[in-house]
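Report on the following structure.
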Amino acid sequence: MSDQKVVLGYGDVSFGDELPEVIPDVSMPMVRRFGETTGMTYWRFTDHEKAREAGLPGAIVPGIMSQGILVSLIHRWAPEASVLKIDTIFRAPVVVDSRPTCRGVVTDMDDEKRTVELDLTLSNEEGETRVLGTALVSL
């Protein structure tokens, strides 16, 4: 895990910097709360048994919640950052009640625009990447 410095501006960043990793809360109560807030109360997100009967590994974290977790990683690292763009690939489901790890790394910098590009991942306990993305961030 990298150090816990908070990025306040572009000058605080270097190519290759790792964002402090986060273990997000994907417990059933949190996923239900997210679902109630967004109107995404489908059984595949809130019922392990029904999800398994349908061939899933259990209830799964909604994709938009996974994407939100990636964005929250950015804002923990750089609270004043503006996320200009985020592209996300969902390789496999993140299971509710698991302990995934969210990580990021600076992969490009534009000195003129004062933007950075980040590679972001959300991995399961076995280290398998379930969700990955890239973000363009203005500092």
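Nothing fancy with the numbering, it's 1 onward along the sequence. Side chains are part of it too, since the values below use all heavy atoms of this structure and drop only hydrogens, waters and symmetry mates.
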- Checking side chain to side chain contact (heavy atoms under 4.5 Å, CB included) for the pair E80/L139: CA distance, chi angles, key distance, verdict? CA-CA 7 Å; E80 300 299 318; L139 299 172; over 6 Å; no
Going from [atom1] on [X] to [atom2] on [Y], what distance comes out if it is rounded to the nearest 0.5 angstrom?
X    : Y    : atom1 : atom2 : value
E18  : R103 : CD    : CZ    : 8.5 Å
L136 : D87  : CG    : CG    : 9.5 Å
D25  : R99  : CG    : CZ    : 10.0 Å

Test of understanding: clusters of I, L, V, M, F, W, Y form through side-chain heavy atoms closer than 4.5 Å, transitively. Do [X] and [Y] belong to the same one?
X   : Y   : value
F34 : V71 : yes
Y10 : F15 : yes
I74 : L84 : no
V95 : V61 : no

Considering all heavy atoms, the nearest [X]-[Y] contact:
X    : Y    : answer
L73  : G104 : CD2-N, 3.7 Å
C102 : L70  : SG-CD2, 3.6 Å
D17  : S14  : OD2-N, 2.8 Å
F90  : S66  : CE2-CB, 4.1 Å
P24  : P100 : CD-O, 3.2 Å
M109 : V13  : CE-O, 3.4 Å

pair [X]-[Y]: side-chain heavy atoms closer than 4.5 Å:
X    : Y    : answer
T129 : R91  : yes
D97  : H48  : yes
L19  : V105 : no
V94  : L122 : yes
D119 : L132 : no
P57  : P93  : yes
R76  : V22  : yes
T38  : P62  : no

- Report, as yes or no, whether the 6.0 Å neighbourhood of atom CZ on R33 holds more than 12 heavy atoms from other residues, nucleotides or ligands. no
- Task: Please indicate whether E126 has more than 12 foreign heavy atoms, meaning atoms of other residues, nucleotides or ligands, lying under 6.0 Å from its CD.
- Result: yes
- Task: Could you give me the CA-CA distance, side-chain angles and deciding distance for T88 and V131, then say whether side chain to side chain contact (heavy atoms under 4.5 Å, CB included) is met?
- Result: CA-CA 7 Å; T88 311; V131 180; 3.4 Å; yes
- Item | side-chain hydrogen bond (donor to acceptor under 3.5 Å, both in side chains) between Y42 and D47, worked out | CA-CA 8 Å; Y42 310 110; D47 188 319; over 6 Å; no
Exactly one of [options] should register a side-chain contact (heavy atoms from CB on, under 4.5 Å) with [X]. Which one does?
X    : options             : result
S98  : V26, I23, I60, N124 : V26
W77  : D12, V7, V6         : V7
V137 : V106, L118, T115    : L118

- Can you check whether S123's main-chain N or O pairs, donor with acceptor, with R130's side chain at less than 3.5 Å? no
- Task: Start with the C-alpha distance between T101 and E125, add both sets of side-chain angles, then the distance that settles side chain to side chain contact (heavy atoms under 4.5 Å, CB included), and finish with yes or no.
- Result: CA-CA 7 Å; T101 302; E125 295 94 326; over 6 Å; no
- Item | Q67 and I86: CA distance, side-chain angles, deciding distance, side chain to side chain contact (heavy atoms under 4.5 Å, CB included) verdict | CA-CA 9 Å; Q67 191 175 51; I86 185 163; 3.8 Å; yes
